[in-house]
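Working notes, beginning with the structure itself.
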Amino acid sequence: MRTATMGPAQRAEALAAMAERELDVLVVGGGVVGAGTALDAVTRGLSTGIVEARDWASGTSSRSSKLVHGGLRYLEMLDFALVREALKERGLLLERIAPHLVKPVPFLYPLRHKGWERVYAGAGVALYDTMSVSSGHGRGLPVHRHLTRRHALQVAPCLRRDALVGALQYYDAQMDDARYVATLVRTAASYGARAASRAPVIGFLREGERVVGARVKDIETGGEYEIRAKQIVNATGVWTDDTQAMIGERGQFHVRASKGIHLVVPKDRIHSTSGIILRTEKSVLFVIPWGRHWIVGTTDTEWDLDKAHPAASSADIDYLLAHVNSVLAVPLTRDDVEGVFAGLRPLLAGESDATSKLSREHTVAHPVPGLVVVAGGKYTTYRVMAKDAVDEAVHGLDRRVAECVTEDVPLLGAEGYRALWNARARIAERTGLHVARVEHLLNRYGSTTEELLELVTADPGLGRPLAGADDYLRAEVVYAASHEGARHLDDVLTRRTRISIETFDRGTRSARECAELMAPVLGWDKEQIEKEVEHYEKRVEAERESQLQPDDLTADAARLGAPDIVPI
């Protein structure tokens with residue numbers, strides 16, 4: 001398998017190739033489900049294309065809690081099948097599919113009541129561990145343990161003594177959600193899928209009642225393409241209803257959006273060696289380790305405003321601070337918040353008995369010939385959703401197609417990752433980088449780290465850290481544009497890296513340097529560099545303003561004060 005490069009030339013070639021010859025499958029939507037569907041289809045031997053209206057993972061799939069988990073709370077709902085399915089997927093991701101991107105993370109669950117709560121919660125966590133091992137892919141994680149209050153406070157000294165009588169500690173997993181999607185798309189491209197971002201579908205092609213293709217606009221150049229395909233998969237998440245409306249047919253189900261926001265605070269504001277999970281009146285609240293930071297989230301509120309840029313209001317931020325501060329010995333304040341991000345969950349609202357419900361969490365339907373719709377679900381089970389969507393699409397093809405193989409397909413960077421990890425000290429010595437830098441690269445790029453190090457060898461200046469964001473090397477910005485499909489400054493600062501939420505300035509100090517590094521790769525002149533920097537600064541300003549507003553309506557209005565990036 002070749003390693004796909006997703007630079008400007010490859011994007012242009014992909015659009016031209018998709019328009020030139022009919023595909024077996026065209027996937028619409030470049031989130032985790034769409035990217036997973038493209039990989040599933042192409043590894044079954046189907047000619048496959050995938051288009052995304054904005055950047056890869058620019059919607060829900062870059063704004064999650066960044067957890068890969070079985071859904072411990074679903075055990076309480078007695079949804080054992082869903083938990084077992086998710087735990088199997090968690091194990092596959094950790095052990096085989098993406099060990100470089102998916103990592104174990106411990107969580108402490110403080111107990112508030114003596115006796116019954118330890119028995120009740122302990123039985124649930126024990127069942128969780130048992131189901132994980134029985135899935136055949138859970139042996140790599142430590143099992144849960146019971147802690148006294150004294151021991152729990154040694155693990156998490158940040159907790160108020162009166163906030164717990166003891167605790168349970170268990171393990172789940174986490175990943176950088178946007179980086180995972182970008183890697184999924186590159187993996188699909190490496191197997192021959194054609195992929196183009198910033199190429200929204202503006203209409204569908206029909207022959208009678210059958211959908212036979214899509215009209216796609218290249219918003220970078222203004223060109224339009226007719227892409228024909230035997231089957232189209234609509235994997236557009238919270239935009240599902242909008243996409244379905246283009247065919248003029250009433251859908252078999254609706255998707256509504258629920259907003260969840262997260263706060264990012266520096267590591268030193270919460271003194272703990274473990275993540276923390278708390279019950280709230282509505283759901284659960286996570287305090288999640290994230291490099292030199294913590295992620296605190298999430299909320300769950302209905303959202304019917306702008307889907308592209310959901311806004312976090314002042315009330316949302318106050319809600320999270322109040323709940324996390326209820327257990328912290330030293331409360332967090334607004335001044336501690338480095339970053340804020342808001343995402344939308346696609347929740348199903350069924351309308352028809354004809355809907356094919358493949359689990360409690362996601363749905364696949366074939367509303368008209370030639371068009372498959374997949375919606376709902378959770379990040380952890382994206383691969384199952386993708387398999388179900390392609391299985392449905394295969395019914396519309398007039399030939400025998402191989403079964404799904406993605407359970408055994410490692411993502412780009414997975415093969416050889418553990419060997420390189422073991423050799424990280426030698427790599428550091430060879431390259432002159434500190435071993436901590438090499439570890440950072442291996443946990444973001446896996447074995448494709450060698451491609452990035454070649455950039456540094458060719459230009460040693462790329463081995464220096466970025467000004468204002470020294471967790472990242474300058475080479476990572478160049479690599480994002482040349483290999484990972486980044487088209488604009490926002491793509492790099494918000495998704496290929498997490499500078500936009502990991503710095504108090506929200507990435508504005510790094511913006512110009514990043515734009516200047518991207519310019520030679522993307523063919524930008526000085527005018528475009530200025531546009532990119534100005535757009536990014538306006539976006540940050542609009543987000544900050546929205547986070548001061550009292551409610552969703554005013555926050556949405558403030559966020560929309562910054563327009564989307566002007567194409568080149």
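These numbers were taken from a predicted model, which means no experiment stands behind them.
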Output a table of donor-acceptor pairs, distance under 3.5 Å, between side-chain atoms of residues 29-40 and any protein atom two or more places apart or on a different chain; print 'none' if there are none.
| unit_1 | atom_1 | unit_2 | atom_2 | d |
| --- | --- | --- | --- | --- |
| Thr37 | OG1 | Val33 | O | 2.7 |
| Asp40 | OD1 | Arg44 | NE | 2.6 |
| Asp40 | OD1 | Arg44 | NH2 | 3.1 |

So, [X] side chain and [Y] main chain: donor-acceptor pair closer than 3.5 Å or not?
| X | Y | answer |
| --- | --- | --- |
| Thr494 | Ser500 | no |
| Ser258 | Glu302 | no |
| Ser58 | Arg54 | no |

Taking side chain as C-beta onward, heavy atoms only, is [X] less than 4.5 Å from [Y]?
| X | Y | answer |
| --- | --- | --- |
| Gln174 | Val102 | no |
| Glu476 | Tyr445 | yes |
| Thr298 | Phe286 | no |
| Arg179 | Glu484 | yes |
| Phe341 | Ile261 | no |
| Arg383 | Cys404 | yes |
| Lys387 | Glu407 | no |
| Leu493 | Arg506 | no |

Pair Asp24 + Arg399, salt bridge at N-O below 4.0 Å: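 Yes, this pair counts.
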
Salt-bridge test for Arg539 and Asp490: reply yes if a basic N is under 4.0 Å from a carboxylate O, no otherwise.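 Judged by the 4.0 Å cut-off on N to carboxylate O distance, Arg539 and Asp490 do form a salt bridge.
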
Apply side chain to side chain donor-acceptor pair (under 3.5 Å) to Arg63 and list each qualifying residue two or more places apart in sequence or on a separate chain.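 Side chain to side chain donor-acceptor pair (under 3.5 Å) check on Arg63 returns nothing, list empty.
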
Between the side chains of [X] and [Y], is a donor N or O closer than 3.5 angstrom to an acceptor N or O?
| X | Y | answer |
| --- | --- | --- |
| Ser62 | Arg495 | no |
| His535 | Glu530 | no |
| His262 | Ser65 | yes |
| Arg559 | Ser546 | no |
| Tyr472 | Glu502 | yes |
| Ser61 | Asp177 | no |

For Lys259 and Asp300, run salt bridge (charged side-chain N to carboxylate O under 4.0 Å, His left out): C-alpha distance rounded to whole Å, both residues' side-chain angles, the deciding distance at 0.1 Å, then the answer. CA-CA 6 Å; Lys259 183 179 71 169; Asp300 187 356; over 6 Å; no

Please give me the minimum heavy-atom distance between Leu26 and Ile50, naming the atom from each residue.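 The pair with the smallest heavy-atom distance is CD1-N, 4.2 Å.
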
Considering non-hydrogen atoms only, spot the tightest contact between Val42 and Gly192 and give its length.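 Between these two residues, the closest heavy atoms are CG2-C, 3.9 Å.
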
Arg444 to Tyr479, cation-pi by 6.0 Å centre distance and 45° axis angle: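 Geometry flag: not set, cation outside 6.0 Å or 45°.
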
Output the distance between atom CD1 (Ile202) and atom CD (Glu224), rounded to the nearest 0.5 Å.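 Answer rounded to 0.5 Å: 3.5 Å.
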
Test salt bridge (charged side-chain N to carboxylate O under 4.0 Å, His left out) applied to Asp242 and Lys307, step by step: CA-CA 11 Å; Asp242 305 76; Lys307 295 189 183 91; 3.2 Å; yes

Determine, step by step, whether Gln231 and His366 satisfy the side chain to side chain donor-acceptor pair (under 3.5 Å) criterion, reporting the C-alpha distance in whole Å, the side-chain angles of both residues, the deciding distance to 0.1 Å, and the verdict. CA-CA 10 Å; Gln231 292 287 312; His366 218 141; 3.1 Å; yes

Less than 6.0 angstrom separating the ring centers of Tyr382 and Tyr180, yes or no?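 Yes, they do, as the ring centres are separated by less than 6.0 Å.
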
Side chain to side chain contact (heavy atoms under 4.5 Å, CB included) partner of Val374, the single match among Thr236, Val390, Val364: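 Among Thr236, Val390, Val364, the one that satisfies the side chain to side chain contact (heavy atoms under 4.5 Å, CB included) with Val374 is Val364.
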
Parallel, tilted or perpendicular: which fits the ring planes of His100 and Tyr417, with parallel below 30° and perpendicular above 60°?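 Rings of His100 and Tyr417: tilted, as their planes differ by 30° to 60°.
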
Given Asp55, which of Arg496, His488, Arg487 fulfils the side-chain hydrogen bond (donor to acceptor under 3.5 Å, both in side chains) condition?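 Checked Arg496, His488, Arg487 against Asp55; only one passes side-chain hydrogen bond (donor to acceptor under 3.5 Å, both in side chains): Arg496.
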
